Amino acid sequence: MTSTGRFTLPSEENFAEKTKELAELWGADAIRNSDGTHLDESVLALGKKIYSAYFPTRAHNEWITLHMDETPQVYLLTGRVLAEADIVDVPLMDGFFEEQLKPNRDADPHKYWEVVDRTTNEVVDASLWTLDEDTDTVHVSGATPMHEYTVSFLAYIIWDPVEMYNHLTNGWGDKEHEIPFDIYHPATRKFVFDTFEQWLKDNPQVDVVRFTTFFYQFTLLFDQKQREKVVDWFGCACTVSPAALDDFEKEYGYRLRPEDFVDGGAYNSAWRVPRKAQRDWIDFLSGFVRANVKKLADMSHEAGKEAMMFLGDQWIGTEPYKDGFEDLGLDAVVGSIGDGTTTRMIADIPGVKYTEGRFLPYFFPDTFYEGNDPSIEGLDNWRKARRAILRSPISRMGYGGYLSLAAKFPKFVDTVTHIADEFRDIHDRTGGVAAEGELNVAILNSWGKMRSWMAFTVAHALPNKQTYSYYGILESLSGMRVNVRFISFDDVLEHGVADDIDVIVTGGPVDTAFTGGDVWKNPKLTETLRAWVRGGGAFVGVGEPSSLARFQAGRFFQLADVLGVDEERYQTLSVDKYFPTVTPEHFITADVHVDPAAREAWEKAGYRIPLSGCGGGQGIKPLGGIDFGEPVANTFPVNEDVTLLRADGGQVQLAVNEYGKGRGVYISGLPYSAANARLLERALFWASHNEDKYTAYSSTNPECEVAVFPDAGQYCVINNTDRPQSTDVALPDGSVEHFDLDQSAIAWRNL
């Protein structure tokens with residue numbers, strides 16, 4: 001029987017009868033309009049709570065076409081052009097989509113642009129270059145032959161990137177392009193607030209204003225073939241204007257360069273070690289954005305409506321985990337659920353009354369087409385989210401897109417019915433309280449709390465080849481029986497390690513925000529962490545943790561002594577590295593399945609014999625059983641007291657190390673899988689000397705997880721796969737209960 005509530009249904013014009021039917025079937029208590037659509041009167045009359053998507057800075061071409069110098073702007077970096085004489089021409093728009101971007105020729109280019117000799121990294125004097133406005137080409141004189149040159153230039157964003165994406169994805173043809181606008185300009189800001197005030201009067205039927213989102217789009221730039229060119233969900237590139245740059249200089253006492261935005265072509269990726277200029281701009285921008293968000297929220301409340309923020313699209317500057325977010329007065333945050341990590345990113349946001357998840361798939365034609373089965377993605381998305389919801393519940397769920405597409409797929413309709421009922425059942429059983437966590441785990445990086453659950457990300461829920469080995473840590477933790485927080489290197493330097501932290505996890509590639517870069521040159525950091533671990537703390541490093549790009553004091557990993565592992569950087573090849581015997585059985589690897597034939601081959605190949613050699617061991621048979629993702633080459637044990645758990649191919653993938661009263665664990669990488677999540681969980685319990693707490697309410701099958709709710713007097717076992725699974729669950733009294741679970745199933749028991 002279908003339960004009701006906690007579900008937001010998307011609808012559209014001329015679809016009232018089916019909307020009513022699906023609202024009853026899915027138990028919807030709220031209805032929202034889809035992008036580019038409106039709700040019929042008959043839908044409004046259903047008595048449901050009404051959400052209305054609202055776009056503060058788009059969908060008003062009648063205004064912005066008269067003020068095209070008040071669209072948002074972005075600093076773009078041209079391609080590198082080789083000078084073959086003392087004159088070189090640099091075309092501005094090669095590689096950019098001219099329907100999206102247009103060079104700003106209104107503000108003085110010689111004040112706001114920059115030409116750089118990329119071979120020397122020197123700025124070319126403004127007197128040595130001119131702009132040809134007819135061809136959008138910069139002519140550079142006095143160039144040095146065989147040097148490369150670039151231009152960093154301001155460009156107007158003349159097509160809203162998200163509306164453009166939806167336009168291209170859904171084939172909207174000759175539909176008018178929506179032009180975005182920038183409220184930093186007083187006239188446009190007044191227009192935005194006046195327009196919203198009138199909208200509130202004209203839409204008394206709306207209960208929740210669903211801001212999609214506010215003012216500044218994350219960095220989303222396209223090339224001339226309409227392909228994504230630069231995508232950074234955290235990027236602040238699309239937030240500049242001459243006025244803002246001038247005001248920043250007045251407030252902060254120094255002027256930002258174009259290079260502070262284009263960053264040599266990195267565009268200040270969240271992977272870059274944050275620099276002062278980047279942090280200052282985020283603070284400056286956030287102050288402006290938040291002040292105006294609060295005005296919109298206050299206006300919504302005065303009109304008797306709730307204010308909801310969509311965590312996506314134009315979310316830049318809101319920074320929901322930055323101190324002070326709770327002062328904005330927003331009632332709720334809704335966001336796209338891509339996996340467990342993005343679920344936690346939404347669920348953990350402080351300072352709002354409730355959170356809502358928009359599940360996948362979108363009701364878009366790229367998924368809902370003849371011959372496809374969207375229910376497969378729907379269930380996969382639900383399983384990923386569910387394990388995280390048990391650890392940090394969201395209050396509501398829903399979907400996005402066009403309901404008329406989803407209605408054509410009966411199997412998908414039935415799947416959503418099941419998911420919605422199960423979602424409500426979880427909330428009813430637990431009272432919206434999170435499952436109990438056994439350990440307190442802190443993720444340590446440059447960003448800390450401000451980017452909680454946002455680490456190791458390039459695009460929203462889309463890790464790539466270089467990131468998935470680290471992103472898997474967050475995905476594992478998102479549904480694990482631990483409490484997770486995010487701390488920064490600055491936090492440790494200023495305050496030390498909090499007394500209630502059981503385990504610190506840090507890692508990533510060298511010279512990134514997640515390993516810290518030059519922060520390790522400060523001896524106070526290593527002193528503090530060493531003392532904490534030696535006193536009984538637990539430190540888990542992944543990839544190239546505590547690494548410095550320059551070889552320093554004979555170490556690449558500055559905490560190699562804690563981890564028991566370092567990486568050869570071709571500086572000490574003349575120094576032999578002796579590998580101790582690999583230990584195949586350990587508490588951490590107890591659930592790792594190793595094929596008996598692989599084990600036999602491994603033993604015959606001589607892994608029982610210590611490896612030696614300059615810079616590593618011989619390449620012999622791997623023991624296997626664990627997916628470590630992208631390899632980290634040339635890692636080695638710093639001494640023979642280190643316990644190696646995996647050292648395939650003559651380098652270390654997994655090792656543990658006793659360090660005073662504490663313990664260190666090194667893992668080369670950990671993509672998400674059930675087996676890897678189990679491995680990480682065991683590593684956390686072992687490192688923190690909590691092995692004795694591990695057994696109670698643990699599942700013998702890594703594909704199944706257990707969540708305990710003491711206040712509700714219940715626990716549940718979930719099957720995280722699309723296949724039937726069996727598992728045994730150990731109870732605190734020593735007894736064991738067996739579970740046979742259907743695909744995607746959840747089973748509840750009383751404590």
Side-chain angles (χ1 to χ4, degrees), residues 55-58 60-61 63-77 92-93 96 100-114 131 133 136 151-162 178-193 195 213-221 230 232 234-263 267-268 277-293 295-296 313-319:
F55 307 93
T57 55
R58 58 182 258 213
H60 286 283
N61 284 5
W63 166 265
I64 195 60
T65 51
L66 301 176
H67 305 82
M68 289 299 288
D69 59 341
E70 299 192 3
T71 69
Q73 295 175 56
V74 57
Y75 269 117
L76 300 179
L77 180 67
L92 298 180
M93 291 299 291
F96 294 108
Q100 181 196 16
L101 302 161
K102 176 184 176 182
N104 176 355
R105 311 181 197 94
D106 300 313
D108 181 6
H110 287 93
K111 179 179 179 181
Y112 294 102
W113 298 15
E114 201 168 62
L131 169 65
E133 295 188 6
D136 281 334
V151 178
S152 305
F153 66 101
L154 277 175
Y156 292 118
I157 302 171
I158 58 174
W159 191 359
D160 180 86
V162 172
E178 292 186 4
I179 305 169
F181 34 93
D182 183 0
I183 70 161
Y184 204 85
H185 305 281
T188 290
R189 184 160 64 249
K190 182 178 186 302
F191 171 81
V192 165
F193 285 106
T195 301
T213 305
F214 290 108
F215 312 124
Y216 294 107
Q217 175 68 41
F218 61 85
T219 307
L220 181 57
L221 309 175
V230 182
D232 181 4
F234 309 94
C236 295
C238 301
T239 62
V240 296
S241 66
L245 291 167
D246 293 345
D247 287 347
F248 177 93
E249 182 179 13
K250 294 174 186 175
E251 183 173 338
Y252 283 79
Y254 70 97
R255 186 164 191 83
L256 292 174
R257 292 176 52 198
E259 187 67 14
D260 291 322
F261 292 92
V262 300
D263 191 22
Y267 288 93
N268 288 328
Q278 183 181 3
R279 288 186 183 274
D280 285 351
W281 183 257
I282 290 173
D283 289 344
F284 172 79
L285 178 71
S286 296
F288 173 76
V289 167
R290 286 175 163 196
N292 287 283
V293 168
K295 290 181 183 178
L296 293 176
D313 297 1
Q314 286 90 354
W315 78 281
I316 296 302
T318 61
E319 296 292 354

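What you see is a predicted model, and the numbers here were worked out from it, not measured in a lab.
- Atom-to-atom distance recorded for Gln73:CD and Leu245:CG is 8.5 Å, nearest 0.5 angstrom.
- Leu77 CG to Glu114 CD: the interatomic distance, rounded to the nearest 0.5 Å, is 10.0 Å.
- Residues Pro161 and Gln100 form a side-chain contact, since some pair of their non-hydrogen atoms from C-beta on lies under 4.5 Å apart.
- Counting heavy atoms from C-beta on, the side chains of Phe218 and Trp315 come closer than 4.5 Å.
- In this structure a side-chain-to-backbone donor-acceptor pair under 3.5 Å is missing from Asp246 to Glu249.
- Annotation: salt bridge (Lys or Arg N to Asp or Glu O under 4.0 Å) contacts of Arg105 (sequence neighbours excluded): Asp136.
- With hydrogens and angles ignored, the 3.5 Å screen pairs a side-chain donor or acceptor of Thr57 with a backbone N or O of Phe214.
- Heavy atoms only, all atoms of each residue included: Pro56 and Thr213 are closest at CD-O, 3.4 Å.
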Side chains of residues 185-193: which donor-acceptor pairs under 3.5 Å do they make with residues two or more places apart or in other chains?
{"from": "Thr188", "atom 1": "OG1", "to": "Trp63", "atom 2": "NE1", "distance (Å)": "3.1"}
{"from": "Thr188", "atom 1": "OG1", "to": "Glu70", "atom 2": "OE1", "distance (Å)": "2.4"}
{"from": "Arg189", "atom 1": "NH1", "to": "Ile183", "atom 2": "O", "distance (Å)": "2.7"}
{"from": "Arg189", "atom 1": "NH1", "to": "Tyr184", "atom 2": "O", "distance (Å)": "3.2"}
{"from": "Lys190", "atom 1": "NZ", "to": "Asp194", "atom 2": "OD2", "distance (Å)": "2.7"}

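- In this structure, CG in Asn61 is found 10.0 Å from CG in Leu66, a value given to the nearest 0.5 Å.
- The heavy-atom pair separating Met93 from Leu101 by the smallest distance is CE-O, 3.3 Å.
- Side-chain atoms of Asn268 come within 3.5 Å of backbone N or O of Asp260 as a donor-acceptor pair.
- Side-chain contact between Asp182 and Thr71 is absent, with no heavy-atom pair separated by less than 4.5 Å.
- With values rounded to the nearest 0.5 angstrom, Leu76 atom CG is found 9.5 Å from Trp113 atom CH2.
- The line from SG of Cys238 to CG of Asp232 is 10.0 Å long, rounded to the nearest 0.5 Å.
- Looking at Asn104 and Phe153, their side chains never come closer than 4.5 Å, going by heavy atoms from C-beta outward.
- Checked by atom type and distance alone, the side chain of Asp263 never pairs as donor or acceptor with a backbone atom of Glu259 at under 3.5 Å.
- The salt bridge (Lys or Arg N to Asp or Glu O under 4.0 Å) search around Asp283 returns Lys322, not counting sequence neighbours.
- Closest non-hydrogen pair, Pro180 versus Ile158, comes out as CD-C, 4.0 Å.
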Original post:
Do Val74 and Leu154 pass the side chain to side chain contact (heavy atoms under 4.5 Å, CB included) test, and can you show the C-alpha distance, the side-chain angles, and the key distance before you say yes or no?
Top reply: CA-CA 6 Å; Val74 57; Leu154 277 175; over 6 Å; no
**OP:** Report the C-alpha separation of Ile316 and Thr239 in whole Å, then their side-chain angles, then the decisive distance to 0.1 Å, and conclude whether the side chain to side chain contact (heavy atoms under 4.5 Å, CB included) test is met.
**Re:** CA-CA 8 Å; Ile316 296 302; Thr239 62; 3.9 Å; yes
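- The two residues Arg290 and Thr318 make their nearest non-hydrogen contact at NE-O, 3.0 Å.
- Taking NZ of Lys250 as the start and CZ of Arg255 as the end, the distance is 10.0 Å to the nearest 0.5 Å.
- Checked by atom type, the side-chain pair Gln314/Asp160 shows a donor-acceptor distance below 3.5 Å.
- No side-chain heavy atom of Ile157 sits less than 4.5 Å from a side-chain heavy atom of Ile179.
- A pairwise comparison of heavy atoms in Trp159 and Glu178 identifies CD1-O, 3.4 Å as the closest pair.
- Between Cys236 and Ile282 there is a side-chain heavy-atom pair separated by less than 4.5 Å.
- By the salt bridge (Lys or Arg N to Asp or Glu O under 4.0 Å) test, Asp313 is found to be paired with no residue, residues two or more places apart in sequence or in another chain being considered.
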**OP:** Applying side chain to side chain contact (heavy atoms under 4.5 Å, CB included), run through Phe181 and His60 and close with a yes or a no.
**Re:** CA-CA 9 Å; Phe181 34 93; His60 286 283; 4.0 Å; yes
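- Residues that satisfy the ring pair (Phe, Tyr, Trp, His ring centres under 6.0 Å) test with Phe248, not counting sequence neighbours, are Tyr252, Tyr254, Trp281, Phe284.
- Looking only at distances, no side-chain donor or acceptor of Arg257 sits under 3.5 Å from a matching main-chain atom of Tyr112.
- Shown here are the ring pair (Phe, Tyr, Trp, His ring centres under 6.0 Å) partners of Phe215, two or more places apart in sequence or in another chain: there are none.
- Defined by atom type and a distance below 3.5 Å, a donor-acceptor pair is present between the side-chain atoms of Tyr156 and Asp106.
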